[in-house]
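A, B, ... follow the sequence lines: proteins, then strands. Residue 1 opens every chain.
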2 protein chains.
Amino acid sequence: MTPRKDLAERNDRALLQAARDVLAEDGAHASVAAIAARAGVGIGSLYRRYRTKEELFQRLSVLSLDHWNRAAEEGLADPDPWAGLAGFVRSCVEFGQGSLAPIAGTIEVTEEMSAKSRRGDELLRDLVRRAHEAGVLRPDVTAVDISLLIEQMGRSPLVDQLRKQARDDLLPAAFEARRRLIAIVLDGLRPGRPALPGSPPGEEMFTGRWAPDAAAGTSPA
Amino acid sequence: MTPRKDLAERNDRALLQAARDVLAEDGAHASVAAIAARAGVGIGSLYRRYRTKEELFQRLSVLSLDHWNRAAEEGLADPDPWAGLAGFVRSCVEFGQGSLAPIAGTIEVTEEMSAKSRRGDELLRDLVRRAHEAGVLRPDVTAVDISLLIEQMGRSPLVDQLRKQARDDLLPAAFEARRRLIAIVLDGLRPGRPALPGSPPGEEMFTGRWAPDAAAGTSPA
DNA sequence: CTATTGCGGAGCGAATCGCTCCGCAACTTG
DNA sequence: CAAGTTGCGGAGCGATTCGCTCCGCAATAG
C-alpha cells in the first residue's frame with residue numbers, strides 16, 4: 001500500500017463517514033461544503049469521487065442497505081431466534097439506520113438500491129418469522145412494525161446534536177443512554193403484553209416516501 | 001369577534017403550527033419563508049408578530065413546555081399511577097415533543113423557558129416516583145431516561161416526511177403506526193424485565209445541548 | 001529527472017437567507 | 001356614508017450559501 005493510495009482510501013472513508021454524520025445532523029439540507037469540511041478534505045476531493053451530490057447520497061444508501069443486510073444475515077446465523085433478532089435491531093439502530101430518511105424522495109432510487117432493499121425485507125421477514133415460531137417475539141408485531149421501529153430509533157437527536165456541537169466529551173454517556181433506550185424498546189417487543197393498537201402498518205409507510213411508483217422495499221436506508 | 005380579529009387569530013395559530021411542522025421536517029434549517037408559505041400567509045404577517053426568527057422559536061419553546069407541563073399535571077391528576085405516566089408519555093410523543101431539539105444551542109434560553117423546564121422536570125419526577133412506588137414502572141428507569149425516550153419518539157421521521165411530501169392520504173395510517181410504536185415502548189417500561197444496561201443518564205444529556213452554562217432543565221422542548 | 005495524480009480551496013452563477021417596507025384592500029369608527 | 005386604521009401579501013434588499021468547476025501546486029510514481 002503506497003502512501004498515495006493510503007491517503008486516498010482514508011479520504012474515501014472519511015468522506016463517507018462525514019456524509020453520514022452531516023446527513024444525520026442536518027437532514028436533507030446537508031451541504032457538500034459541510035460534508036467536505038467535516039471530512040477534513042477539500043471540495044475537489046469530494047467531486048473527484050462523486051459526480052454529483054445525488055451520486056454521493058446514492059452511494060450512502062447502498063452502503064446503508066449493505067449494512068442492514070449483513071446484520072440480518074448475522075442475526076439469522078445466530079441459533080437463538082431472540083438473540084438473532086435483538087442483535088439485528090441493536091446493530092441497525094447503533095449504525096444509524098434511518099439517517100438517510102430525510103433524503104427520501106429527493107434522489108432517484110437506483111435498481112441496485114431497490115434490489116438490496118427487497119433483499120433486506122426478505123431477511124427481516126425471516127428473522128421475524130422464526131422469532132414468532134419460537135414464541136419469543138410478541139405475535140402481533142410485524143416486519144414493517146420492526147422496520148419503522150428501527151427507523152424511529154436509528155436517528156438519535158441526542159447523539160446527532162452532541163456531534164454537531166462537537167461535544168465529544170458527552171458522547172460516551174450519550175451512547176450509553178441510547179443503549180438503555182434500545183433495551184427498553186427490545187423489552188417491549190417481548191410477548192406477554194396486551195395487543196398493540198390498530199392494524200399492522202403496510203409497506204406504503206416506506207414506499208410512499210422513497211419511490212411512490214417503484215417496488216422499493218421497506219428498509220429505511 | 002370581528003372578522004378582522006378572527007382572521008388575525010387564525011393566522012396566529014396557523015403560523016405557530018406551521019413553524020412547528022417545518023421545524024420538525026427541516027430541523028434547524030427551517031426557513032421563515034417555508035414557515036410563512038406553510039401557514040398560507042405572507043412573510044410580513046410573520047414579522048408583524050415576531051421581531052426575529054429567534055423570537056418565534058422562543059415562543060414555540062414556551063408553548064411546547066406549557067404542553068409538557070399540562071400533560072404532566074393531567075398525568076398526576078389520574079388516580080392510576082401507570083395510566084397517569086403512560087398518558088403523559090403518549091400525549092407528549094403525539095404532540096411532537098422534541099421537534100424543537102434541532103434548535104438547541106442556536107437560540108438564547110430565556111428565563112421563562114428555564115423556569116418552565118425546571119417545573120417540567122419536577123412534575124416528571126413526581127410521575128416517575130409514584131409509578132415506582134406503585135410498582136408499575138421498571139425500577140431501573142429514571143426521569144431522565146423517560147425524557148430522552150420522549151424526545152426520541154417525539155420526532156417521527158415517518159410523519160414528518162409524509163407531511164413534507166404532502167402525502168395527507170397516508171397520514172392516518174402513519175399516526176396509527178406511530179401509536180403502535182408508542183405502545184411497544186410503553187410496554188418496555190413495565191417492570192419484570194432484566195436490568196437496563198449501564199448507569200442512568202445525567203441531566204447534562206439536555207443541559208449540554210440547550211445551554212451549557214444555565215440551569216436549563218431537561219425537558220426536551 | 002519528468003510525468004502523473006490527487007490535493008485544497010477560490011470563485012462562478014444561481015439560489016436562498018432573514019428581514020424591511022410598500023401598495024392595497026378590508027375593516028372599523030364616527 | 002366617508003375617512004381613518006390596520007393587517008394583508010409579497011417584492012426586493014444586501015448578505016450568505018448553494019452545487020460545482022477548475023486552477024496551481026506539491027507529493028508521489030516510474
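With respect to A:E151 and A:R209, a salt bridge is recorded, a charged nitrogen being found less than 4.0 Å from a carboxylate O. Comment: B:R118 does not engage B:D121 in a salt bridge, judged by the lack of any side-chain N to carboxylate O separation of less than 4.0 angstrom.
Here D:dC18 presents its C1' atom at 14 Å from CG of A:L46, a figure rounded to the nearest Å. In this entry the distance linking CD1 of B:I103 with P of C:dG18 reads 13 Å, nearest Å. Atom NZ in B:K5 sits roughly 16 Å away from atom C1' in C:dA26 (whole-Å rounding). If you take CD1 of A:I35 and P of D:dC18, they are 11 Å apart, rounded to a whole angstrom. Between the C1' atom of D:dC20 and the CG atom of A:L56 lies a distance of 14 Å, rounded to the nearest Å. Atom CG of B:L7 and atom C1' of D:dT5 are 15 Å apart (whole Å). As a whole-Å value, the separation of B:D6 CG from C:dA26 C1' is 14 Å. Per the geometry, CZ belonging to A:F57 stands 12 Å off P belonging to D:dC18, to the nearest Å.
In this model, the phosphate group of D:dT17 is not approached by any side-chain N or O of A:S31 to a distance below 4.0 Å at OP1 or OP2. OP1 or OP2 of D:dC8 sits under 4.0 Å from a side-chain N or O of B:N11. Close to C:dT29, at under 4.0 Å from its OP1 or OP2, lies no side-chain N or O of B:R4.
Relative to the side chain of A:Y47, the nucleotides C:dC7, D:dG9, D:dT21 differ in distance, and D:dT21 lies closest. Of the candidate nucleotides D:dC8, C:dC17, C:dA10, C:dA10 has the atom lying nearest to any side-chain atom of A:I43.
The residue among B:A8 and A:R51 whose nearest nucleotide of DNA chain D is located toward the 5' end is B:A8. Toward the 5' end of DNA chain D, the nearer of the two residues A:R48 and B:S45, judged by each one's closest nucleotide, is B:S45.
Side-chain polar atoms of B:E73 and B:N69 form no donor-acceptor pair below 3.5 angstrom.
The residue A:A30 sits close only to the backbone: its heavy atoms come under 4.0 Å of sugar-phosphate atoms, none of a base.
Formation of a donor-acceptor pair under 3.5 Å by the B:Q161 side chain with backbone atoms of A:G105 is not found in this model.
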Checklist entry - B:I35 and B:R38: side chain to side chain contact (heavy atoms under 4.5 Å, CB included), yes or no, with the steps? => result CA-CA 5 Å; B:I35 290 166; B:R38 180 68 70 88; 5.8 Å; no

